[in-house]
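The structure under discussion appears below in the form of structure tokens.
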Amino acid sequence: MNTNPHHLLGAYVLGGLEPADLALFEAHLQDCGTCRKELAVLEKVPMLLDSLPVPAAVALAGIPGGSEAPAAGVPARLFNELAHRRRTVRRRWAALAGAVAAACLAVGLAVGPLLVRPAQPDAAYSVASGGGLQVNIDMARKTWGTELAVSGSSLPAEGTLSLWVRDRAGGEDRACAWTATPSGKVKVTGATPIQLGSISSVELRDGAQRAVAVITVP
């Protein structure tokens, strides 16, 4: 068994750690200069990955077994972490993704210019505070649940932030997590199996699980 928390760095950068491992690694991070240096290099990788279109992300997940090499300066083990995470989170989506890709190709051949038009969300919410904090969330209804596109500014600049979705029965699910950026800005995409019509609220939490922003869904 690998007891050195250093191996959790890749999953930490990608926001894929369970609460117990997250607490273990953040405690380790306080005393490990090597991990802090690697984190400083890799902290912008999640935003790069989340900016990829779904087909590109699916292709990226296949890199370990494919012929393309990872981008320069990004460790191969980080892409291995990404591949594992993409397979785990998107396994339910594989057939749907293939159908969407085929449909996009057909539409592109007929009306290519329309592909540049961004998809419209099924619901959009925002919250702001007097201190300048701003959080915007676009929600898209999916067959498997709900996709959430999150953008924000003046957010906490340290620690790990996470987005939690609560349903009307009182249950909750973590849609995504990411390492805070020094600029306080973020643009990420999360997913939850909770259907859009069942969502009662969305909550942004800091590393100590304190609520930073709460959006109530009517």
Side-chain angles (χ1 to χ4, degrees), residues 5-30 35-36 38-52 54 57 60-61 74 77-93 125 127 133-140 142 144-167 171-194 199 201-215:
H6 181 82
H7 75 283
L8 300 173
L9 177 62
Y12 178 78
V13 171
L14 296 170
L17 291 180
E18 294 299 321
D21 285 338
L22 179 62
L24 174 66
F25 184 78
E26 289 188 334
H28 167 75
L29 198 59
Q30 299 299 316
C35 280
R36 289 197 299 272
E38 288 194 35
L39 182 60
V41 173
L42 301 174
E43 64 180 358
K44 293 183 180 179
V45 170
M47 293 184 69
L48 261 174
L49 297 175
D50 282 319
S51 68
L52 291 174
V54 170
L60 184 59
V74 181
R77 64 185 177 83
L78 185 58
F79 280 90
N80 290 336
E81 289 283 357
L82 173 64
H84 174 73
R85 186 180 179 210
R86 296 287 185 187
R87 284 194 297 269
T88 300
V89 175
R90 299 182 186 272
R91 187 175 293 118
R92 296 174 295 177
W93 308 0
Y125 301 93
V127 63
L133 178 144
Q134 176 80 35
V135 179
N136 305 303
I137 301 178
D138 291 345
M139 301 183 187
K142 304 293 182 180
W144 41 263
T146 306
E147 183 178 81
L148 301 97
V150 185
S151 63
S153 58
S154 298
L155 304 183
E158 297 180 349
T160 300
L161 304 179
S162 55
L163 192 74
W164 291 79
V165 179
R166 185 178 295 274
D167 65 26
E172 62 179 20
D173 177 67
R174 188 179 73 172
C176 59
W178 63 92
T179 301
T181 61
S183 67
K185 295 181 179 180
V186 69
K187 188 174 183 180
V188 297
T189 301
T192 176
I194 300 175
I199 295 176
S201 64
V202 180
E203 187 172 301
L204 176 65
R205 300 177 185 173
D206 62 16
Q209 294 300 293
R210 294 185 295 259
V212 174
V214 178
I215 292 176

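With sequence neighbours excluded, the residues that form a side-chain contact (heavy atoms from CB on, under 4.5 Å) with Asn136 are Ser126, Gln134, Ser151. Every residue two or more places apart in sequence or in another chain that forms a side chain to side chain donor-acceptor pair (under 3.5 Å) with Thr160 is listed here: Tyr12, Glu26. Under the side chain to side chain donor-acceptor pair (under 3.5 Å) criterion, Asp21 pairs with no residue at all, not counting sequence neighbours. Under the rule for a side chain to side chain donor-acceptor pair (under 3.5 Å), Asp167 has no partner lying at least two apart in sequence or in another chain. Contacts of Arg205 classified as salt bridge (charged side-chain N to carboxylate O under 4.0 Å, His left out), with partners at least two apart in sequence or in another chain: Glu172, Glu203. Residues forming a side-chain contact (heavy atoms from CB on, under 4.5 Å) with Val127 (at least two apart in sequence, or on another chain): Val135, Ala213, Ile215.
Separation of atoms OG1 (Thr146) and CG (Asp173) is listed at 10.0 Å; rounding is to 0.5 Å. Between atom OG of residue Ser162 and atom CG of residue Leu204 there is a gap of 7.0 Å, rounded to the nearest 0.5 Å.
Contact detail for Gln30 and Arg36: the closest heavy-atom pair is O-NH1, 2.9 Å. Closest non-hydrogen pair, Cys176 versus Val188, comes out as SG-CG2, 4.1 Å. Between Ile194 and Val165 the shortest heavy-atom distance is CD1-O, 3.7 Å. Of all the heavy atoms in Trp144 and Thr192, the pair that sits closest is CZ3-O, 3.7 Å. Here the closest heavy-atom approach between residue Ala157 and residue Ala180 is recorded as C-CB, 3.6 Å. Here the closest heavy-atom approach between residue Arg174 and residue Trp164 is recorded as N-CE3, 3.6 Å.
Considering only heavy atoms from C-beta on, Val202 stays 4.5 Å or farther from Val214 through its side chain. No side-chain heavy atom of Leu161 sits less than 4.5 Å from a side-chain heavy atom of Val186.
Heavy atoms from other residues, nucleotides or ligands lying under 6.0 Å from CD of Glu158 number 12 at most.
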Going through the distances and angles, do Leu148 and Leu163 end up as a side-chain contact (heavy atoms from CB on, under 4.5 Å)?
-> CA-CA 9 Å; Leu148 301 97; Leu163 192 74; 4.2 Å; yes
